[in-house]
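The next block holds one structure in the form of structure tokens; read it before the comments.
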Amino acid sequence: MTPPALRTGRRLAALAVVAALAAAAGLGFQRVFGLPPVIPVVAVAAVAPVLVSLLVSGVWRPPAPAPDARAAPAVRPAGPLWLAIVAQVVVWFAVVAGTLYRDAFAGGPSGLLVAIASGLRNSYRAMLTTILPAPARPELLIGAQVVVWLAAFVGAEIALRTRTAAAPAVPAVAAFGVALVLGVDGPGSNLPLAAALVALTLVLLLLRSADRLGRLAAGLPSALVIAAVAAVVAPYLPASGTPYDPREHVQAPPPQQRDSISPLDRVSAWLENPGEPLFTVRANAAENWRLAVLDTFDGATWTSSGHFMPSGSRVPAATPADGGGRGARTTVTQRITLRDLPGVWLPAADRPRSVTGIPVTVDPASGVVTAAGTPHAGQSYDVTSAARDYSADELARAVPASDAAARAATVLPSSAGGQKAPQVARFQRLAQRATAGADSPFAQAVKLADYLRTHGTYDVRTPPGHTYRHLDFFLNVTHHGTSEQFGTAYAVLARTLGLPTRVVVGFRPGRQVNGSWQVDSGDVLVWPEVDFSGLGWVPFFPTPERQSSSRQSQSVPVGQTQQKLEKQQQSAESRAKGRAHARRPQQPHHPAAHHRTTAPPSTPWWWYAAGAGAAAVLAYLIAIALVPALRRYRRRRSPRPGDRVLGAWHQTLDHLTDVGLPRSRALTGHEVAGFAHRTIGDAAQAHLRPLADLVNRTRYAPPDLAAQEPDAEAAWHHTKAINHLVTKTKGPFRRTARRLHPRTLRPRR
């Protein structure tokens, strides 16, 4: 019998492991918030509830002795559960008020209660509508804190109130699952934490199964086989690709601060006062600074359809369809200081990867950044961007994107302001005339930009406007405009050709002053972008060069990326023409050359056979593990004491079958006792003969001498002792080999 002091030590050690499990699970939220903000919150939430449960239970006191000296000591009740729950709630509130919400004390108790209640109600939705890593604000962190606290509390209570070996680890595993789901889109990896959970669970099993190590070891081979099968089969399951992301089912809220005036409507005013300083940039490269992306046109106004989400610092990468992860990129680091830039839109080079130093909201589709609050003059922030470097070959092969977003970017309303717009048909004829001779959609895009540059004049005195009427007047009468007219006219004309197009408002690099680029209002620039499959949104620059671009010796007319891109676009158009000319003589011989597709390789038949075989093996192992356990549970929990006595006898025969007892014929109690004596020694007689007597009395005694509750408990005590003797005598591996036999699935009659 295990000494009480040792048993108490094991239980205390198990509680320490439960706290470690909850902490490991809580650290999974590092993909949501980053590791530094999570560590102190998780440390408190994992340890405090375990200590509270320990104090309420008084586990250091020795357990009460069992009624039967031969039985295992009883588990001492760990105090009323309601008392533990009340204590946990009180301590949790005190901890939350003193850590996460200590600044809310200024509002009084009512303000504190409202703040905590609001955090509990909105925390998870806020995490799902925030680009990760989320800002470490109390109203977000409280959700992670509650999950870890509940995991530690429930795990500790299970450890104190039950004798199950692995159950105290289940709450921590569930909490880790919550962290995985909420952090599926976050940076970093939780694989080391998953390994830590497995290791801590094994330690917990060893601590709580110290008296049943043989049984624990017997299950290891089956566990290893199941793990090996899972490792082989898992990559080929239908759900093994993209992980489930709940953010796809949550509508992102609009940004809290939106500009009442579109940046496109400010262009004319900025050009009227070109010397007004808007912001400065200290960067490792001179680029065009993107401010806003406008992708929806109603015939009068360009607006953004972006769904802006709060972000701690990260800007999600573009999707593969938008060129994310493909092609060469140049990293551009920027330190931007705002001066007199109005509105909430924040400038940055190309598509940012991260923004620090200012709270922001981000549109994941376009990568556009806006301030979460109201920015002020003198405020600085750091940006890291990835400027795309295109090659002439990939541009020459480009075809327009055809996904839902791209199709939406080809829409032109046939009316504006409730009136029919006859200009659309004229725009289409003009676009077709301007791109005549183009052999590909990309060539159309290049020729359209060339046409506008060569048939128009940059003129800052042009009245503002980009409605259908303004563009019709610009294209067919004056041919004078600013980048507002050139950029929006290109977008409208390109859409009539079926090219998905949007408008970008931004700035040229500006002029160098003391090692920084000073961007003034006169540097504003509007340009269109066309969405090509696999490349993403490719910029085009249809605005003619300014007459006054050399007004300062250090002025850079366009960004470095724009300069390289325009050269590659011209080279790509030349290559596309050359390939089209070389293909023309061969077209009569291969009329369907452009329509041939290569069928995807089919999955070999043996993959299906291997998968079916692995599934069958896995199902058999699960059945081998579950059927005997369910049979024992049914025998042990039978409502009639006599049935439980007979169940204990059949369970004993099953144990002896593992070491060679034949199943082919009925055996008397004396025959079973003799087999046990020969197989596992004299120690079995002390339990087999009393058990056989109980079985005989149950079967043949008159009703007034039927088995009672003490008889059933004694029978199962003997069964448990015989099982220990079998394990000790023959070892777990021989028993495991016999249990893998199919006869284990058939009950003994």
Quiz item: Do Val178 and Phe29 pass the side-chain contact (heavy atoms from CB on, under 4.5 Å) test, and can you show the C-alpha distance, the side-chain angles, and the key distance before you say yes or no?
Solution: CA-CA 9 Å; Val178 174; Phe29 284 96; 4.3 Å; yes
Can you say whether the rings of [X] and [Y] are parallel (under 30°), tilted (30 to 60°) or perpendicular (over 60°)?
| X | Y | result |
| --- | --- | --- |
| Phe297 | Tyr468 | perpendicular |
| Phe308 | Trp345 | perpendicular |
| Trp527 | Phe541 | tilted |

Please step through side-chain contact (heavy atoms from CB on, under 4.5 Å) for the pair Ser385 and Gln334, ending with a clear verdict.
CA-CA 8 Å; Ser385 301; Gln334 309 130 72; 2.9 Å; yes
Heavy-atom closest contact ([X] atom, [Y] atom, distance):
| X | Y | answer |
| --- | --- | --- |
| Val344 | Gly373 | CG1-O, 4.0 Å |
| Pro364 | Ile131 | CG-CD1, 3.9 Å |
| Pro542 | Pro528 | CD-CD, 3.4 Å |
| Arg31 | Gly188 | NE-O, 3.3 Å |
| Gly28 | Leu193 | N-CD1, 3.4 Å |
| Ala175 | Ala151 | CB-CB, 3.8 Å |

Contact between [X] and [Y] at the side-chain level, heavy atoms closer than 4.5 Å - yes or no?
| X | Y | result |
| --- | --- | --- |
| Arg502 | Ser366 | yes |
| Ser521 | Glu272 | no |
| Leu197 | Phe176 | yes |
| Glu287 | Val281 | no |
| Ile116 | Phe93 | yes |
| Trp270 | Asp523 | no |
| Leu346 | Leu341 | no |
| Pro539 | Val504 | no |

Show your reasoning for whether side-chain contact (heavy atoms from CB on, under 4.5 Å) applies to Arg339 and Glu276. CA-CA 9 Å; Arg339 299 187 67 179; Glu276 182 181 355; over 6 Å; no
Note to self: Using the rule given for salt bridge (Lys or Arg N to Asp or Glu O under 4.0 Å), can you reason through Arg511 versus Asp520, listing the C-alpha separation, both sets of side-chain angles and the distance that settles it, and then say yes or no?
What the structure shows: CA-CA 9 Å; Arg511 56 191 176 90; Asp520 298 334; 3.4 Å; yes
Main chain of [Y], side chain of [X]: is a donor-acceptor contact present, judged purely on distance under 3.5 Å?
| X | Y | result |
| --- | --- | --- |
| Arg314 | Leu132 | yes |
| Tyr101 | Leu113 | no |
| Trp149 | Ala46 | no |
| Arg495 | Thr501 | yes |
| Arg407 | Ser402 | yes |
| Ser533 | Pro400 | no |

TODO: Establish, from distance only, whether the side-chain atoms of Thr361 and Thr370 form a donor-acceptor pair under 3.5 Å.
DONE: yes
Could you give the distance from [atom1] ([X]) to [atom2] ([Y]), rounded to the nearest 0.5 Å?
| X | Y | atom1 | atom2 | value |
| --- | --- | --- | --- | --- |
| Ser516 | Ile336 | OG | CD1 | 11.0 Å |
| Phe486 | Arg453 | CZ | CZ | 10.5 Å |
| Ile39 | Gln30 | CD1 | CD | 9.5 Å |
| Glu484 | Asp265 | CD | CG | 7.0 Å |
| Glu529 | Leu499 | CD | CG | 13.5 Å |
| Leu471 | Thr488 | CG | OG1 | 4.5 Å |

Evaluate side-chain contact (heavy atoms from CB on, under 4.5 Å) for Val360 paired with Tyr381, printing each intermediate quantity in order.
CA-CA 10 Å; Val360 298; Tyr381 58 95; over 6 Å; no
So, Trp517 versus Phe507, ring centres under 6.0 angstrom or not? no
Practice item. Evaluate side chain to side chain donor-acceptor pair (under 3.5 Å) for Thr482 paired with Thr462, printing each intermediate quantity in order. Key: CA-CA 7 Å; Thr482 66; Thr462 302; over 6 Å; no
Checking Asp389 against Thr330 for the side chain to side chain donor-acceptor pair (under 3.5 Å) test, could you report, in this order, the C-alpha distance in whole Å, the side-chain angles of both residues, the deciding distance, and whether it holds?
CA-CA 7 Å; Asp389 296 328; Thr330 298; 2.6 Å; yes
